[in-house]
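See below for the structure under consideration.
Here, residue 1 is the first one in the sequence, and each next residue gets the next number. Side chains included, hydrogens not; waters and symmetry mates left out as well; all remaining heavy atoms used.
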Amino acid sequence: AVGMWRLGQSYRLGIALFVVATLMPDGGFRLVGTPMSFGVVGCHLGAARELPSVPLLILTAIVLGPLTLARIGTEEASLREAFAPYADYARRIPALVPVIGSR
């Protein structure tokens, strides 16, 4: 939710970039390239653990995981095309799993 709020008018459910789109390498985006996808996957994994639900864990692994990775790939292709600094950002910041501490 913080990632959506931080993006403001640049946030869209779809992949298309709009004129108001800006590259934001701060906030949650300084830890992980797709904090919203990280949150969705984390929510599903947490729900599977707490319920406990093996079917939910399996669905997360075979459905949500690949769909999330496909979306990240599409987003990254769009961002590389739209923002020259994105290539450097993508080299430093992991797409889905945050790295805490020095890089």
Side-chain angles (χ1 to χ4, degrees):
V2 173
M4 290 186 291
W5 173 80
R6 182 77 179 99
L7 286 174
Q9 291 182 339
S10 295
Y11 175 74
R12 298 287 187 270
L13 290 176
I15 303 295
L17 296 173
F18 296 87
V19 175
V20 295
T22 58
L23 186 62
M24 295 197 177
D26 56 353
F29 295 96
R30 67 186 166 79
L31 300 174
V32 64
T34 58
M36 290 168 279
S37 295
F38 174 75
V40 168
V41 171
C43 179
H44 279 263
L45 291 174
R49 180 182 179 274
E50 290 301 314
L51 288 176
S53 174
V54 173
L56 180 57
L57 184 59
I58 292 169
L59 282 172
T60 297
I62 65 173
V63 176
L64 185 68
L67 289 175
T68 299
L69 294 176
R71 180 179 173 93
I72 289 170
T74 303
E75 283 180 3
E76 286 197 336
S78 295
L79 291 167
R80 285 179 195 278
E81 186 177 310
F83 301 105
Y86 186 78
D88 178 56
Y89 169 79
R91 276 192 295 278
R92 293 182 295 108
I93 306 299
L96 187 60
V97 179
V99 177
I100 307 298
S102 61
R103 298 191 213 311

Worksheet item: Under a 4.5 Å cut-off applied to non-hydrogen side-chain atoms, are Ile93 and Leu31 in contact?
Response: no
Discussion item. Between Ser53 (side chain only) and Arg49 (backbone N and O only), is there a donor and an acceptor less than 3.5 Å apart?
Written reply: no
Response to the item:
Hits for side chain to side chain contact (heavy atoms under 4.5 Å, CB included) against Ala87, two or more places apart or cross-chain, chain-then-number order -> Arg80, Arg91
Item to complete: For side chain to side chain contact (heavy atoms under 4.5 Å, CB included), just list the numbers for Leu57 and Leu45, CA-CA rounded to whole Å, side-chain angles, deciding distance to a tenth of an Å, and then say yes or no.
Response: CA-CA 6 Å; Leu57 184 59; Leu45 291 174; 3.7 Å; yes
Discussion item. Any non-hydrogen side-chain atom of Leu64 less than 4.5 Å from a side-chain atom of Val40?
Written reply: yes
Worksheet item: Other than Val63, which residues form its hydrophobic cluster under the rule that side-chain heavy atoms must be closer than 4.5 Å?
Response: Val54, Ile58, Leu59, Ile62, Leu67
Worksheet item: With sequence neighbours left out, what residues match Tyr89 under side-chain hydrogen bond (donor to acceptor under 3.5 Å, both in side chains)?
Response: none
Worksheet item: Looking at residues at least two apart in the chain, or sitting in another chain, which of them share a side chain to side chain contact (heavy atoms under 4.5 Å, CB included) with Pro85?
Response: Leu23, Phe83
Worksheet item: With sequence neighbours left out, what residues match Ile72 under side chain to side chain contact (heavy atoms under 4.5 Å, CB included)?
Response: Thr34, Ser37, Thr68, Glu76, Ala95, Leu96
Worksheet entry | Minimal non-hydrogen separation, Ala61 against Pro66, with atom names | O-CD, 3.3 Å
Discussion item. If hydrophobic residues (ILVMFWY) are linked whenever their side-chain heavy atoms come closer than 4.5 Å, directly or via other members, who joins Leu56 in its cluster?
Written reply: Leu51
